[in-house]
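Structure first, commentary second.
Numbers restart at 1 for each chain; the letters A, B, ... are given by sequence-line order, proteins then strands. FYI, side chains are in, hydrogens and waters are out, and symmetry mates aren't considered; it's all heavy atoms of this structure.
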Protein chains: 2
Amino acid sequence: MGFKITATFTALGEPNRLHIVELLRDGPLTVGEIADRLQLRQPQASKHLRVLLEAGLVEVQPMANRRIYKLRLEPFQALDAWLESYRSVWEERFDNLENYLQQLQSEENKQN
Amino acid sequence: MGFKITATFTALGEPNRLHIVELLRDGPLTVGEIADRLQLRQPQASKHLRVLLEAGLVEVQPMANRRIYKLRLEPFQALDAWLESYRSVWEERFDNLENYLQQLQSEENKQN
DNA sequence: CAATAATATTCCTTGACAGGAATATTCTGT
DNA sequence: ACAGAATATTCCTGTCAAGGAATATTATTG
């Protein structure tokens, strides 16, 4: 806990990192495996993983020579919670209400 | 349609822009109002709004002298859909399954 | 302890981005 | 058409992030 949601967004804003996350959705992977599948050089893979790690999106588990990265759930749940407040917005068709209010305003206090 | 989700993420990765979006959640606002509430100078507000606009997160509706910005629903729904595939991950406790697989692997084909 | 595999870190360079200040644009009313 | 309000754009500058290449670190095996 204690990760800022903007960190989540910026981390996922980079295409390679988004791709990594999508790979990890299907299960934990090794740095080398990630680099292979994404056509990345190993150092770049490590660097992106570092960013994801610091954003709390993944965690790492050393195994022998390797480091296995896997998704952490919390940031996704946080994202979900954040989205929740917007779901109500579109479900209530807030949109139309506002159009209505704008009409009122645009007609400068016309009283019927 | 046709907006990349990475664009959504990068747009929301900037704290001021995230803040703008959260303001707009409660209803459409004018550039000036946004600048006021966020303690931003008008040009910066306009610039951030431009980014949000190009990412498809907001739309603008000219009214007289002003421009009223409001949220567009689609990117949020897209985000929601994207998150959906991760919900199943954490709901199925995929995590434990993987720990199990890792154990197997770490013990190098030990057959009981 | 040497050799090797897997991964991380550093240094460098380049490009993107954010804020500040100034200026341009657009619309309205007269 | 002009003045003024609201907003957009441009230019400049400094910072930060990403890729490439080289090197350092860590753990395993013999």
**Rounded distance in Å - CG (B:Leu52) to C1' (D:dA8)** = 15 Å
**Request:** Provide the full list of side-chain hydrogen bond (donor to acceptor under 3.5 Å, both in side chains) pairs with a residue in residues 30-44 of chain B, sequence neighbours left out, each pair given once.
**Result:** B:Gln42-B:Ser46
**Item:** Phosphate contact (D:dA6 OP1 or OP2) by B:Thr30 side-chain N/O below 4.0 Å
**Value:** no
Enumerate the protein-to-nucleotides 23-28 of chain D contacts in which both atoms are nitrogen or oxygen and the separation is below 3.5 Å.
none

**Request:** For B:Tyr86, enumerate each residue passing the ring-ring contact (aromatic ring centres under 6.0 Å, His included) test, keeping only those at least two apart in sequence or located in another chain.
**Result:** A:Phe76, B:Trp82
**Message:** For C:dA6 and A:Tyr69 - does any side-chain N or O of the residue sit under 4.0 Å from the phosphate oxygens OP1/OP2?
**Reply:** no
**Nucleotide C:dA8, atom C1' - distance to CZ of A:Arg66 in whole Å** = 16 Å
**Request:** Let me know the distance between CD of B:Glu54 and P of C:dA16, rounded to the nearest Å.
**Result:** 14 Å
**Asked** What is the distance from atom CD1 of B:Ile68 to atom CD of B:Gln61, rounded to the nearest 0.5 Å?
**Response** 6.0 Å
**Prompt:** To the nearest angstrom, how far is B:Gln39 atom CD from C:dG20 atom C1'?
**Reply:** 17 Å
**Prompt:** Where do B:Pro15 and A:Thr6 come nearest, in terms of heavy atoms and distance?
**Reply:** CA-CG2, 4.2 Å
**Any residue meeting side chain to side chain donor-acceptor pair (under 3.5 Å) with B:Asn16, in chain and number order, not counting sequence neighbours** = none
**Item:** Whole angstrom value for the distance that separates C1' of C:dA18 from CZ of B:Arg50
**Value:** 15 Å
**Request:** Nearest 0.5 Å please: distance from the CZ atom of A:Arg87 over to the CG atom of B:Leu73.
**Result:** 13.0 Å
**Fill in**
Here the distance between atom C1' of C:dA18 and atom CG of B:Leu38, to the nearest Å, is 15 Å
**Message:** Working to the nearest 0.5 angstrom, can you tell me the gap between B:Asp80 CG and A:Asp80 CG?
**Reply:** 7.0 Å
**Asked** What pairs with A:Arg67 under side chain to side chain donor-acceptor pair (under 3.5 Å), at least two apart in sequence or on another chain?
**Response** none
Taking only nitrogen or oxygen atoms into account, show me every contact under 3.5 Å that the protein makes with nucleotides 18-20 of chain D, one pair per line with its distance.
| residue | atom | partner | partner atom | Å |
| --- | --- | --- | --- | --- |
| D:dA18 | OP1 | A:Arg17 | NH1 | 3.2 |
| D:dA18 | OP1 | A:Arg17 | NH2 | 2.6 |
| D:dA18 | OP2 | A:Arg17 | NH1 | 3.4 |
| D:dG19 | OP1 | A:Asn16 | ND2 | 2.9 |
| D:dG19 | OP2 | A:His48 | NE2 | 2.8 |
| D:dG20 | OP2 | A:Arg41 | NE | 3.1 |
| D:dG20 | N7 | A:Gln44 | NE2 | 3.1 |
| D:dG20 | O6 | A:Lys47 | NZ | 2.7 |

**Request:** Kindly say whether A:Ala11 contributes a backbone atom to a donor-acceptor pair with the side chain of A:Arg17 at under 3.5 angstrom?
**Result:** yes
